[in-house]
Enquirer: 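This is the structure I want to talk about, given as structure tokens.
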Amino acid sequence: MVVDKGGDGGSPPFRDQLAEAMRGMKEEARLSYGKLAEKTHYSRSSWERFLNGKQLPTTVAVEEFAAATGAGADVLLALLAKATAYEELRAARQQQAAAPHPAPEAAARPASTHTSAQAPVPATATGPADAPATAHAPQAPSAAPARRPRLREWRGHARTAALVVAGALVGSIATVVIGGGPGGGAAADSSRAGAQPSGSAAGARASSPRPPACSADTCLRREPQAMDCQWDGTTVRETWLRGLKIQLRYSAACRAVWGRIENGTVGDSVTIKDKGGREESATIRVDNDTYTRMLAVSADAPPDSVIICGQIPRYQESECSPLGAVLP
């Protein structure tokens, strides 16, 4: 989205102001785009888009930028909030302006119909005075026959729909009778279809009852269950240590990963670390399992670039995936 500097009542270009302020801080800190990429979780191309005003940075990106340049984040966050609010308002106004307005068209249709109905009146009379009236009289009832095909068409659709509903009802009754009731029918389908019920169950488990509450950077250091990211979670890494199952879980909907351990004891822990140096850890306090908070992933830092390690302190042992990875 490009900010309109002169539209919407001359609102100030907050995105340009934010980009200009960030460029100034970058120059004062004598940091290149490559150095910014090394010090943060974002790539060189992302910082070029942010600082050239082509894309609004996220809150996390602004905070990391401030930490990398040694500048205060308050001014930048305030500009970001203004830019976000301004562009959301501008987008809403554009959407409202582009919305269709059917009322004037509906009002214009009767007028055009009325005009076309009166247009055939002849300008000159070459015959008797009552000849035009006689010529126009048969045109009045012409609208009535036009409705009859529509009525017959509607009746045909209604008859077809009734037959479909009746067929479905008969099929349902036959299924219940042949299968010995709802339970028997499900059991028969399960025995015939083999893996089909398990696939349906897997799809039901993968579908979330509501959309996730975060995505990518906004999931950083959030709990996966609190953000509804666990519904489509899959295991992208797995290793074992003395019976301790160590898993790296990934949610495509949330674009984030988290670590999980199972079959452990109190004191066992799990740690994940991304290529940018961020890490999250969790220790079993009760029961035999636990999980970490989330780290964001992206095209530049995919899930398979994240290291996961499990530790059993009582044996002073640890295990990481990928094998040979340095313990975070």
Enquirer: If you define the side chain from C-beta out and look only at heavy atoms, does anything of Cys254 sit under 4.5 Å from Arg222?
Expert: no

Enquirer: Please give me the minimum heavy-atom distance between Leu36 and Ala68, naming the atom from each residue.
Expert: CD2-CB, 4.1 Å

Enquirer: In the structure I gave you, are the side-chain heavy atoms of Tyr315 and Leu241 within less than 4.5 Å of one another anywhere?
Expert: no

Enquirer: Are Met25 and Tyr42 joined in one hydrophobic group, where the rule is that I, L, V, M, F, W and Y side chains link up if heavy atoms are under 4.5 Å apart?
Expert: yes

Enquirer: Can you tell me how far CE of Met294 sits from OG1 of Thr218, rounded to the nearest 0.5 angstrom?
Expert: 8.0 Å

Enquirer: Rounded to the nearest 0.5 Å, what's the gap from CG on Leu244 to OG on Ser318? Could you check?
Expert: 11.0 Å

Enquirer: Under the ring pair (Phe, Tyr, Trp, His ring centres under 6.0 Å) test, which residues partner Tyr250, sequence neighbours left out?
Expert: none

Enquirer: In residues 297-308, what donor-acceptor pairs under 3.5 Å come from side-chain atoms, sequence neighbours left out?
Expert:
from, atom 1, to, atom 2, distance (Å)
Ser298, OG, Asp300, N, 3.4
Ser298, OG, Ala301, N, 3.3
Asp300, OD2, Ser43, OG, 2.9
Ser305, OG, Pro302, O, 2.6

Enquirer: Quick one: which of Arg249, Arg260, Gln247 gives a side-chain hydrogen bond (donor to acceptor under 3.5 Å, both in side chains) with Glu238?
Expert: Gln247

Enquirer: Rounded at 0.5 Å granularity, tell me how far CD in Gln230 sits from CH2 in Trp258.
Expert: 7.0 Å

Enquirer: For the residue pair Arg285 and Thr290, establish whether any side-chain heavy-atom pair is separated by less than 4.5 Å.
Expert: no

Enquirer: What residues form a side-chain hydrogen bond (donor to acceptor under 3.5 Å, both in side chains) with Glu317, not counting sequence neighbours?
Expert: Arg242

Enquirer: Membership question, hydrophobic clusters at under 4.5 Å side-chain separation (ILVMFWY): are Ile272 and Val236 in the same one?
Expert: yes

Enquirer: A side-chain contact here means heavy atoms from C-beta on lying under 4.5 Å apart; do Pro313 and Asp268 qualify?
Expert: yes

Enquirer: For the atom pair CD1 (Ile284) and CD1 (Ile312), what is the distance rounded to the nearest 0.5 Å?
Expert: 9.0 Å

Enquirer: Applying side-chain contact (heavy atoms from CB on, under 4.5 Å), name anything that partners Ala67, two or more places apart in sequence or on another chain.
Expert: none

Enquirer: Within 45° of the ring axis of Phe65 and under 6.0 Å from its six-membered ring centre, is that where the NZ or CZ of Lys26 lies?
Expert: no

Enquirer: Please determine whether the number of non-hydrogen atoms from other residues, nucleotides or ligands lying under 6.0 Å from atom NZ of Lys39 exceeds 12.
Expert: no

Enquirer: Apply the test side-chain contact (heavy atoms from CB on, under 4.5 Å) to residues Leu295 and Leu220: give CA-CA distance (whole Å), side-chain angles for both, the deciding distance (0.1 Å), then the verdict.
Expert: CA-CA 5 Å; Leu295 294 177; Leu220 188 63; 3.9 Å; yes

Enquirer: Can we say the SG-SG distance for Cys229 and Cys219 is below 2.5 Å?
Expert: no

Enquirer: Please identify which of these residues, Thr283, Val257, Val270, meets the side chain to side chain contact (heavy atoms under 4.5 Å, CB included) condition with Thr292.
Expert: Val270

Enquirer: Under the side-chain hydrogen bond (donor to acceptor under 3.5 Å, both in side chains) rule, collect the residues that match up with Glu48, sequence neighbours excluded.
Expert: Arg44

Enquirer: Would you say Arg15 and Tyr86 make side-chain contact, with heavy atoms under 4.5 Å?
Expert: no

Enquirer: Counting C-beta onward and ignoring hydrogens, is there a side-chain heavy-atom pair between Thr69 and Glu28 closer than 4.5 Å?
Expert: no

Enquirer: What are the two closest heavy atoms between Asp289 and Glu262, and how far apart are they?
Expert: CB-CA, 4.0 Å

Enquirer: Using a 4.5 Å cut-off on heavy atoms from C-beta on, say whether the side chain of Glu87 contacts that of Phe14.
Expert: no

Enquirer: Please report the interatomic distance CD1(Ile246) to OG1(Thr235), rounded to the nearest 0.5 Å.
Expert: 12.5 Å

Enquirer: Could you check whether any side-chain heavy atom of Asp232 comes within less than 4.5 Å of a side-chain heavy atom of Pro212, counting everything from C-beta outward?
Expert: no

Enquirer: Pair up each side-chain donor or acceptor in residues 73-85 with any protein partner under 3.5 Å, not counting sequence neighbours, and list the distances.
Expert:
from, atom 1, to, atom 2, distance (Å)
Thr84, OG1, Leu80, O, 2.8

Enquirer: Short question: side chain of Asp274, backbone of Gly276 - any donor-acceptor pair under 3.5 Å?
Expert: yes

Enquirer: Which distance, rounded to the nearest 0.5 Å, do you find between the CG of Leu18 and the CG of Leu56?
Expert: 7.0 Å

